[in-house]
Amino acid sequence: MPDDPRLWRRLLVLGSVGAIALAAGILLNRSPEPPAGRSIDIHSTEALAELLPQAGEGPFQSRTEADGSATDNGQLLVFDVAAPEGCPIDAIATEIMWGRDAGTVAAQYSLPNPAQVLVGVARLDRHEVQPVRDALRSGGHCTGQPAQYGIVDDEDVDVWTKVSRPWFGEESALYRTASYRLDAGQRPADLAPGPAWTFTLSGQWLVAMRVDDGSLETAASIHPQLFARWDSELGTAFLRPAESGGGCGSVDLDVENLPAERLGDSATRALIGLHDVACQGRGDVALTAVSDPLFLDDRVVGRDFLSEIPDSPTLAALLETRAVHRNGAIIYRNGDSAAVFSTVHDGSWAWIAWSAYVRHCSATATEMCGPDPNGPLGGADWQAVLADACSPVDQGDAVLIDHSLFHDVTGDGRKDALLTVACDLGNTIGIGEVRVYDGASDPRNPRLLQVLLRGDQGELGTGLRPDLLAVIDGELWIASLTWRDDDASKRPSVQQVDRFRWLPNGAFQHAGRSVAPVR
């Protein structure tokens with residue numbers, strides 16, 4: 001023992017500090033204790049699944065366990081993420097979600113919005129961690145194998161678009177998908193937006209999440225609730241701030257002046273899909289979403305002129321600008337270009353069609369580009385005006401405005417309102433008509449001038465669905481679609497274009513008709 005009491009006290013203090021530091025180190029490096037009564041094997045995907053939320057917790061209305069789970073250790077060893085060609089992210093998604101020798105699908109949830117969310121988890125072998133980390137960090141856009149998870153059907157080609165935005169985990173990658181098919185001439189056709197995917201890595205654990213509504217906002221809202229217990233009880237880092245880099249931005253869906261019904265899920269997904277394929281330079285795929293004919297500047301054009309619409313980067317930049325809602329359409333404008341999408345709403349169901357592109361916001365195209373309403377009737381509440389358009393026996397069905405045109409057809413210097421009107425009849429094809437309202441009337445009570453094509457059965461005798469309006473050389477052109485009764489796909493078979501001329505007696509007269517098959 002030292003003779004100096006002060007030296008003795010100093011040694012006691014140093015010894016106490018060392019003991020405390022050692023104990024703290026042991027506590028900090030020790031694996032978290034599971035809650036009382038719970039034994040957690042952190043090498044088991046099934047054990048991790050038990051820590052996911054149950055049905056009824058937070059936004060998770062229901063939870064379904066996946067059938068055919070893989071082995072307990074969930075080794076993810078069957079794909080080559082270092083391959084210089086191909087689509088590694090497609091392989092990762094396939095193995096985690098659908099592989100029977102690799103990962104296991106932990107759970108499927110339904111959300112109130114509504115959306116379905118699928119969560120898959122796999123435990124990587126140690127030598128796989130770095131290749132997967134590199135694939136998430138440096139992977140970009142790619143085209144996968146024919147669809148294996150039912151975006152549309154087994155013949156579809158999947159396009160994976162990487163998205164740049166803040167996310168979670170030690171390494172992350174976000175993707176949105178779209179699908180298209182190849183027609184008989186091996187040209188892309190029928191663009192269909194697909195789910196959004198998130199990939200998050202923490203240690204040896206890799207989690208994939210598929211959100212069927214295609215929204216990364218939905219994914220961001222539920223990710224912390226899904227994996228909070230993993231981080232707190234197992235010491236993972238699924239809530240650590242991270243970044244998905246090297247990808248595209250996102251279409252701006254915060255539309256100004258949008259009615260209370262909001263942009264429907266179907267319309268939202270269509271805009272996302274169109275933006276994404278344009279962002280990664282797939283202009284050939286983006287063209288499949290264009291209506292035929294398309295309203296280009298001040299005239300209707302067919303597919304022979306579709307090369308005149310913007311190139312892919314221009315279109316992607318256009319869709320990232322703030323859009324405005326006017327007269328039943330959503331309009332994106334960037335500089336001297338504008339893209340117009342006709343929308344349909346009933347409060348819960350909606351779809352969207354690219355109906356016009358303007359290359360130069362001047363002359364007659366100004367009304368498509370500017371922020372001002374189209375004359376006195378531009379601000380009318382057309383859903384209220386047309387509330388009685390559907391038959392009483394179809395009570396509850398929505399009145400659909402596929403297209404609107406504001407143009408002075410009467411010659412009094414004021415823009416009249418021309419609207420395509422149809423009823424949503426559930427699973428049947430809604431037969432429509434065109435209504436013309438006087439631009440000189442009160443927008444609170446527009447005066448109906450004439451109804452065109454009412455009761456017209458069309459070339460096939462099955463009825464018409466007008467979906468595009470234009471004024472060309474002083475005549476009103478109405479493009480309509482019609483279907484064959486025996487076509488189970490319900491795809492339009494024939495396009496019919498009717499021309500009308502305004503007469504001095506104050507009415508339209510039919511001036512001609514042309515019919516062509518829909519390609």
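- Using a 4.0 Å cut-off between a side-chain N of Lys or Arg and a carboxylate O of Asp or Glu, D212 and R210 qualify as a salt bridge.
- Remark: the D213 side chain and the S215 side chain contain no N/O donor-acceptor pair separated by less than 3.5 Å.
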Just do the side-chain contact (heavy atoms from CB on, under 4.5 Å) check on I222 and M209 with the steps written out, would you?
-> CA-CA 10 Å; I222 64 173; M209 178 167 59; 4.0 Å; yes
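- We find that R181 and D190 are joined by a salt bridge, their nearest charged nitrogen and carboxylate oxygen being less than 4.0 Å apart.
- Atom CG of D254 is separated from atom CG of D252 by 6.0 Å, given to the nearest 0.5 angstrom.
- With hydrogens and angles ignored, the 3.5 Å screen pairs no side-chain donor or acceptor of S138 with any backbone N or O of A135.
- Between the side chain of S244 and the backbone N or O of R165, no donor-acceptor pair lies under 3.5 Å.
- You'll find the side chain of Y109 stays beyond 4.5 Å of the side chain of L118, heavy atoms only.
- Contact detail for G463 and T482: the closest heavy-atom pair is O-OG1, 2.8 Å.
- Residues P59 and P112 have side chains in contact (heavy-atom distance under 4.5 Å, counting atoms from C-beta outward).
- Inter-residue side-chain proximity for V340 and Y357 is flagged as unmet; no heavy-atom pair is nearer than 4.5 Å.
- No side-chain donor-acceptor contact under 3.5 Å links K162 to the backbone of A173.
- Residue N113 comes nearest to A115 through the heavy atom pair OD1-N, 3.0 Å, listed as atom of the first residue, atom of the second, then distance.
- Using a distance-only test at 3.5 Å, with no hydrogens or angles considered, a donor-acceptor pair links the side chain of H403 to the main chain of L469.
- Residues R435 and T420 have side chains that never bring a donor and an acceptor to within less than 3.5 angstrom of each other.
- The closest side-chain heavy-atom distance from D416 to H407 is not below 4.5 Å.
- Below 30°, between 30° and 60°, or above 60°: for F508 and W502 the angle between ring planes is above 60°, a perpendicular geometry.
- A salt bridge links R282 to D284: at least one charged side-chain nitrogen sits closer than 4.0 Å to a carboxylate oxygen.
- Summarising the geometry of A422 relative to R465, their closest heavy-atom pair is CB-NE, 3.4 Å, with the distance given to 0.1 Å.
- Side-chain atoms of N334 and T321 include no donor-acceptor pair closer than 3.5 Å.
- When atom types are taken as modelled, the side chain of D276 and the backbone of A178 share no donor-acceptor pair closer than 3.5 angstrom.
- Nearest heavy-atom pair, F406 versus K415, reported as atom, atom and distance to 0.1 Å: O-CD, 4.0 Å.
- Between the CG atom of D456 and the CD atom of E433 there is a distance of 11.5 Å, given to the nearest 0.5 Å.
- No side-chain donor-acceptor contact under 3.5 Å links Q116 and S110.
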Test log, rule salt bridge (charged side-chain N to carboxylate O under 4.0 Å, His left out), inputs R137 and E243 = CA-CA 9 Å; R137 180 185 299 121; E243 185 79 19; over 6 Å; no
Stepwise side-chain contact (heavy atoms from CB on, under 4.5 Å) test for F199 and V207 = CA-CA 6 Å; F199 301 89; V207 167; over 6 Å; no
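- Taking the six-membered ring for Trp, W197 and Y175 have ring centres at least 6.0 Å apart.
- Judged purely by distance below 3.5 Å, without hydrogens or angles, the side chains of D498 and H510 pair a donor atom with an acceptor atom.
- Taken from CZ in F60 to CG in L111, the straight-line distance is 6.5 Å, to the nearest 0.5 Å.
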Please test S514 against Q496 for side-chain contact (heavy atoms from CB on, under 4.5 Å), starting from the C-alpha separation and ending with a verdict.
-> CA-CA 6 Å; S514 61; Q496 177 175 306; over 6 Å; no
Kindly indicate, with the supporting measurements, whether the criterion side-chain contact (heavy atoms from CB on, under 4.5 Å) is fulfilled by L449 and T410.
-> CA-CA 10 Å; L449 290 176; T410 62; 3.7 Å; yes
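- Rounded to the nearest 0.5 angstrom, L386 CG and L419 CG are separated by 6.0 Å.
- Between V211 and A219, the shortest heavy-atom contact is CG2-CB, 3.7 Å.
- A distance-only check finds a donor-acceptor pair linking the side chain of S164 to the backbone of G247 [under 3.5 Å].
- Inter-residue side-chain proximity for L418 and V471 is flagged as unmet; no heavy-atom pair is nearer than 4.5 Å.
- Between the side chain of R499 and the backbone N or O of A511 there is at least one donor-acceptor pair closer than 3.5 Å.
- Residues that satisfy the ring-ring contact (aromatic ring centres under 6.0 Å, His included) test with W477, not counting sequence neighbours, are absent from this structure.
- Note that OG1 of T177 and CD1 of I89 are 12.0 Å apart. Values are rounded to the nearest 0.5 Å.
- Under the 4.5 Å side-chain criterion, counting only non-hydrogen atoms from C-beta, V451 is not in contact with V434.
- Listed for the S480 side chain is no donor-acceptor partner under 3.5 Å among the backbone atoms of L464.
- The shortest distance between side-chain heavy atoms of L315 and L274 falls below 4.5 Å.
- Side-chain N or O atoms of R176 include none that pairs as donor or acceptor with a backbone N or O of A196 at under 3.5 Å.
- A heavy-atom distance below 4.5 Å is found between the side chains of L253 and L271.
- When only modelled atom types and interatomic distance are considered, D158 and S179 share a side-chain donor-acceptor pair under 3.5 Å.
- The minimum heavy-atom distance between P446 and S441, with the atom names listed, is CA-OG, 3.5 Å.
- Side-chain N/O atoms of Y332 and R322 include no donor and acceptor closer than 3.5 Å.
- Separation of atoms CD (Q457) and OG1 (T462) is listed at 7.5 Å; rounding is to 0.5 Å.
- For the pair D438 (side chain) and R447 (backbone), a donor-acceptor distance under 3.5 Å is absent.
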